[in-house]
Amino acid sequence: QVQLVESGGGLVQPGGSLRLSCIASGRVVRELTMAWFRQSPGKDREFVAAVKRSSGGTSYTRSLKGRFTISRDNSKNALHLQMNSLNDEDTAVYYCAATSRSLITSSLWGDHEYDYWGQGTQVTVSS
């Protein structure tokens with residue numbers, strides 16, 4: 001069983017930055033396909049970014065690439081999401097997700113592909 005615990009959310013002003021972290025237990029992160037999703041009130045859960053197991057190849061939702069960076073820290077068994085130039089549309093609960101399966105790139109975006117989820121961390125962008 002894999003457990004995921006997110007941290008790093010909070011209140012930030014427009015234009016600011018935050019770094020989210022997800023600590024995994026029960027499995028080493030290089031053996032997991034891991035991703036960040038987010039959900040705003042009244043909206044469906046949205047794919048943000050993912051890291052493939054083993055290779056560490058990354059994928060981003062196109063609108064966020066360039067502002068958000070996903071990374072995996074094998075030494076800390078963690079997944080991170082660096083978020084820059086935040087705006088109010090980035091306000092959401094951010095979730096860490098994982099599966100032990102290898103996924104092709106197009107499957108990384110589907111939340112149903114992931115078996116394990118964290119509890120979420122709230123990010124609020126507001127002045």
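Counting begins at 1 with the first residue of the sequence. Not measured: the values here are computed from a predicted model.
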- Task: Answer yes or no: does atom CG of D44 have more than 12 heavy-atom neighbours from other residues, nucleotides or ligands under 6.0 Å?
- Result: no
Student check: side-chain heavy atoms of L79 and S71 closer than 4.5 Å: no
Practice task
Please check if the side chain of T121 supplies one atom and the backbone of G9 the other of a donor-acceptor pair under 3.5 Å.
Solution key: yes
Q. Quick one: are V123 and L20 in side-chain contact, heavy atoms under 4.5 Å?
A. yes
Can you confirm whether more than 12 heavy atoms, excluding those of E31, are under 6.0 Å from its CD atom? yes
Smallest heavy-atom separation, I70 atom then Y60 atom, equals N-OH, 2.9 Å
Does some side-chain heavy atom of Q39 sit less than 4.5 Å from a side-chain heavy atom of E46? no
Under 4.5 Å between any side-chain heavy atoms of M34 and V2, yes or no?
-> no
| said: Using side-chain heavy atoms (C-beta onward) and a distance below 4.5 Å, is Y94 in contact with L81? | reply: yes
Heavy-atom closest pair (E113 atom, S107 atom, distance to 0.1 Å) is CG-O, 3.2 Å
Given the options V125, V12, D90, L18 meets side-chain contact (heavy atoms from CB on, under 4.5 Å) only with V12
Crowding at CZ, R101 (>12 non-hydrogen neighbours, <6.0 Å): yes
Taken to the nearest 0.5 Å, the spacing of E89 CD from T91 OG1 works out to 9.5 Å
Taking every heavy atom of S40 against every heavy atom of A92, the minimum-distance pair comes out as OG-CB, 3.5 Å
Check: Side-chain contact, heavy-atom cut-off 4.5 Å: T99 with L32?
Finding: no
Original post:
Just by modelled atom types, is the A24 backbone N or O under 3.5 Å from a matching donor or acceptor in the N77 side chain?
Top reply: yes
**Request:** List the steps, then state whether side-chain contact (heavy atoms from CB on, under 4.5 Å) holds for T58 with K65.
**Result:** CA-CA 11 Å; T58 59; K65 191 173 185 179; over 6 Å; no
Q) Looking at side-chain heavy atoms only, is the closest gap between R27 and S100 below 4.5 Å? A) yes
ask   = Is there a side-chain contact between E6 and Q119, using heavy atoms and a 4.5 Å cut-off?
value = yes
Nearest heavy-atom contact between S126 and L11 is CB-CD1, 4.0 Å
- request: Report the C-alpha separation of R30 and S54 in whole Å, then their side-chain angles, then the decisive distance to 0.1 Å, and conclude whether the side-chain contact (heavy atoms from CB on, under 4.5 Å) test is met.
  value: CA-CA 5 Å; R30 66 176 180 272; S54 299; over 6 Å; no
For W117, the hydrophobic cluster (side chain heavy atoms closer than 4.5 Å, chained through members) also holds F37, F47, V93, Y95, L103, L108, W109, Y114
Rounding to 0.5 Å, atoms OG (S59) and NZ (K52) come to a distance of 7.5 Å
For S127, the side chain to side chain donor-acceptor pair (under 3.5 Å) test, sequence neighbours excluded, returns none
By side chain to side chain donor-acceptor pair (under 3.5 Å), R53 pairs with (sequence neighbours left out) none
* Between the side chains of K76 and S21, is a donor N or O closer than 3.5 angstrom to an acceptor N or O? -> no
Derivation and outcome, side-chain contact (heavy atoms from CB on, under 4.5 Å), residues N74 and V28 | CA-CA 7 Å; N74 294 335; V28 294; over 6 Å; no
Is V51 linked to Y116 within one hydrophobic cluster, defined over Ile, Leu, Val, Met, Phe, Trp and Tyr using a side-chain heavy-atom separation of less than 4.5 Å? yes
